Amino acid sequence: MFYKQLLKNQVQGKMEIGQRVLLRLHIQLIIVVMVLNHSNAQGLKLGFYSETCPNAESIIRKTTYGFISTAPTLAAPLLRLHFHDCFVRGCDGSVLLNSTKNQAEKDAIPNLSLRGYHVIDAVKSAVEQACPGVVSCADILALAARDSVSMINGPSWKVRLGRRDGRVSKLSEALANLPSPFFNVTQLKQNFASKGLNMKDLAVLSGGHTIGTSHCVAFGLRLYNFSGQGDVDPSMDPTYVTQLKQKCKPGDITSLVEMDPGSFKTFDEAYYTLVSKRRGLFGSDAALLNNAETKAYVLQASRHGSTFAKDFAVSMEKMGKVEVLTGNQGEIRKHCAMVN
């Protein structure tokens, strides 16, 4: 009996040691990943092109302004392009690549409605004329998103530069990494956490829906078939449902609806007022009311004296550093739609 117990203790002890070793290795792996992401982000800096292409930022701003001054509604698509870029392989310009023998991110269903590629191409062309092969498409996209938002009286933020362009773009990765408008708050939390973004970032970056439009297909199920029984999403304000049904018929894949009715061209806090009144357009908007932290932010941001603009700048700076390529990683593309 004594020997059986001794053997049992030895086996149990070895198992505990093994578990501790595995746990230690797991923690070390997490630290290594965090250090790599941090070190990459540290490769970014303000004024990165001050010597290699001194006029880069002014050229990007001027060219972007040329488009926004005549079509202010392009600000929302440019902001969305940057967001969709950063959530797949990090902010590496991979969303800009065309499909070849492999289908690229831009051909994934969530990206089929992306616009603004022509703006980025025009900016890249202007920069290439001044400084060939120096400024990355990823940096151009980050700056164009910031500049276009500030040009419609939205907030501005610091954009640290030095991103390199990725060489890989996969449709499957876009489907796996982009947050869906149908996500609940648990799915959103996991999705944002995988990019190093917290619940406040989720609430703040969702505020980007204060500008722009959406196709009916992105929220149509909430109006006509929420649970598969031909029903309406009970979390939606009934009056809002009636208004949306007048614009979106069942199966409508072409009509556009303002995400922030009444001020979809203005970067303001009105989005949060709508969400607080159960008038968020997407399921992911409504989901913000199902978490204590995000709900508190929605209510705070909907009030006078909101810090939304300042908070948005902070979260955009943070998002712009997600999994970036720096140093000798990646490349500087000559054309944003194709690898060199």
Side-chain angles (χ1 to χ4, degrees), residues 68 71-84 110 113-116 145-157 179-183 185 188 200-223 233 235-248 252 254-290 294-313 315-316 319:
I68 299 300
T73 54
L74 278 172
L78 289 171
L79 177 62
R80 188 167 177 241
L81 262 180
H82 183 38
F83 182 92
H84 280 225
S113 59
L114 290 178
R115 297 189 297 121
R146 189 273 310 274
D147 292 344
S148 61
V149 168
S150 65
M151 286 169 189
I152 59 167
N153 298 318
S156 185
W157 55 90
S180 166
F182 307 107
F183 272 4
V185 74
L188 289 169
K200 182 175 182 179
D201 296 317
L202 166 60
V204 171
L205 293 174
S206 295
H209 291 166
T210 184
I211 53 174
T213 58
S214 170
H215 287 91
C216 296
V217 69
F219 56 88
L221 290 178
R222 302 186 75 200
L223 306 180
D233 184 345
S235 72
M236 295 185 79
D237 172 61
T239 302
Y240 188 41
V241 170
T242 300
Q243 293 172 356
L244 289 174
K245 282 186 172 182
Q246 292 174 355
K247 299 177 180 179
C248 299
D252 187 340
T254 57
S255 298
L256 289 170
V257 172
E258 299 170 7
M259 290 192 288
D260 186 352
S263 67
F264 79 107
K265 295 180 182 179
T266 306
F267 205 99
D268 56 24
E269 299 88 351
Y271 162 81
Y272 294 102
T273 301
L274 291 172
V275 173
S276 69
K277 294 180 178 180
R278 300 191 298 132
R279 292 189 167 207
L281 190 60
F282 307 120
S284 57
D285 294 324
L288 298 179
L289 297 177
N290 297 327
T294 53
K295 181 178 181 179
Y297 189 85
V298 167
L299 297 178
Q300 180 267 323
S302 66
R303 301 189 186 106
H304 180 69
S306 165
T307 59
F308 169 55
K310 178 182 176 182
D311 296 335
F312 192 80
S315 289
M316 285 300 296
M319 187 192 78

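Small disclaimer: the values here were computed from a predicted structure and weren't measured.
Shown here are the side chain to side chain contact (heavy atoms under 4.5 Å, CB included) partners of Asn153, two or more places apart in sequence or in another chain: there are none.
Side chains of Thr266 and Asp268: no donor on one and acceptor on the other come within 3.5 Å. In the model, His209 has a side-chain atom that pairs as donor or acceptor with a side-chain atom of Asp285 under 3.5 Å. For the residue pair Ser150 / Asp147, no side-chain donor-acceptor distance below 3.5 Å is found, with atom types taken as modelled.
Between Phe267 and Phe312, the distance separating the two ring centers is shorter than 6.0 angstrom. Taking the centre of each ring, Tyr271 and Phe264 stay at or above the 6.0 Å mark. Between Tyr297 and Tyr272, the ring centre distance stays below 6.0 Å.
Residue Tyr240 holds its OH atom at 13.0 Å from CZ of Arg278, rounded to the nearest 0.5 Å. Rounded to the nearest 0.5 angstrom, Leu74 CG and Met151 CE are separated by 12.0 Å. One finds the CG atom of Leu281 at 4.5 Å from the CZ atom of Phe219 (value rounded to the nearest 0.5 Å). The CE atom of Met236 lies 9.5 Å from the CZ atom of Arg279; values are rounded to the nearest 0.5 Å. One finds the CE atom of Met259 at 11.5 Å from the CG atom of Leu274 (value rounded to the nearest 0.5 Å). Expressed to the nearest 0.5 Å, how far OG of Ser113 lies from NE2 of His84 amounts to 7.0 Å.
Side-chain contact check for Met316 versus His82: some heavy-atom pair is nearer than 4.5 Å. Counting only heavy atoms from C-beta outward, the side chains of Ser214 and Phe282 approach each other to under 4.5 Å. Between Leu289 and Val275, some side-chain heavy-atom pair lies under the 4.5 Å cut-off. Between Lys265 and Ile211, the closest side-chain pair of non-hydrogen atoms is not below 4.5 Å. Proximity of Val217 to Thr254: side-chain heavy atoms (C-beta onward) are nowhere separated by under 4.5 Å. Pro77 has its side chain out of reach of Leu114: every pair of non-hydrogen atoms, C-beta onward, lies at least 4.5 Å apart. In this structure, the side chains of Leu256 and His215 come closer than 4.5 Å at one or more pairs of heavy atoms.
With hydrogens and angles disregarded, a donor-acceptor distance shorter than 3.5 Å links the side chain of Ser148 to the backbone of Ala145. The closest donor-acceptor contact from the side chain of Ser306 to the backbone of Ser302 lies at 3.5 Å or more, if one exists at all. Using a distance-only test at 3.5 Å, with no hydrogens or angles considered, a donor-acceptor pair links the side chain of Arg146 to the main chain of Trp157. Remark: side-chain polar atoms of Thr294 are not paired, donor with acceptor, to backbone N or O of Asn290 under 3.5 angstrom. Side-chain N or O atoms of Glu269 include none that pairs as donor or acceptor with a backbone N or O of Thr273 at under 3.5 Å.
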Task: Worked check of side chain to side chain contact (heavy atoms under 4.5 Å, CB included) between Gln243 and Lys247 - done: CA-CA 7 Å; Gln243 293 172 356; Lys247 299 177 180 179; 5.8 Å; no
Task: Pair Leu81-Arg115, side chain to side chain contact (heavy atoms under 4.5 Å, CB included): steps then yes or no - done: CA-CA 7 Å; Leu81 262 180; Arg115 297 189 297 121; over 6 Å; no
Open item on the list: Using the rule given for side chain to side chain contact (heavy atoms under 4.5 Å, CB included), can you reason through Leu78 versus Ile68, listing the C-alpha separation, both sets of side-chain angles and the distance that settles it, and then say yes or no?
Closed with: CA-CA 10 Å; Leu78 289 171; Ile68 299 300; 4.2 Å; yes
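Residue Leu223 forms a side chain to side chain contact (heavy atoms under 4.5 Å, CB included) with just one option from Thr242, Leu244, Asp233, and that option is Leu244.
Between Ser284 and Leu188, the shortest heavy-atom distance links the atoms O-CD1, 3.7 Å. Of all the heavy atoms in Pro155 and Val149, the pair that sits closest is O-CG1, 3.6 Å. The nearest pair of heavy atoms linking Gly208 to Leu79 is CA-CD2, 4.3 Å. Taking every heavy atom of both residues into account, Leu288 and Ser206 meet most closely at CD1-CB, 3.8 Å. The heavy-atom pair separating Pro179 from Phe83 by the smallest distance is CG-CE2, 3.8 Å.
The environment of NZ in Lys295 is sparse: at most 12 heavy-atom neighbours from other residues, nucleotides or ligands sit within 6.0 Å.
Using a 4.0 Å cut-off between charged nitrogen and carboxylate oxygen, Lys200 and Asp311 count as a salt-bridge pair.
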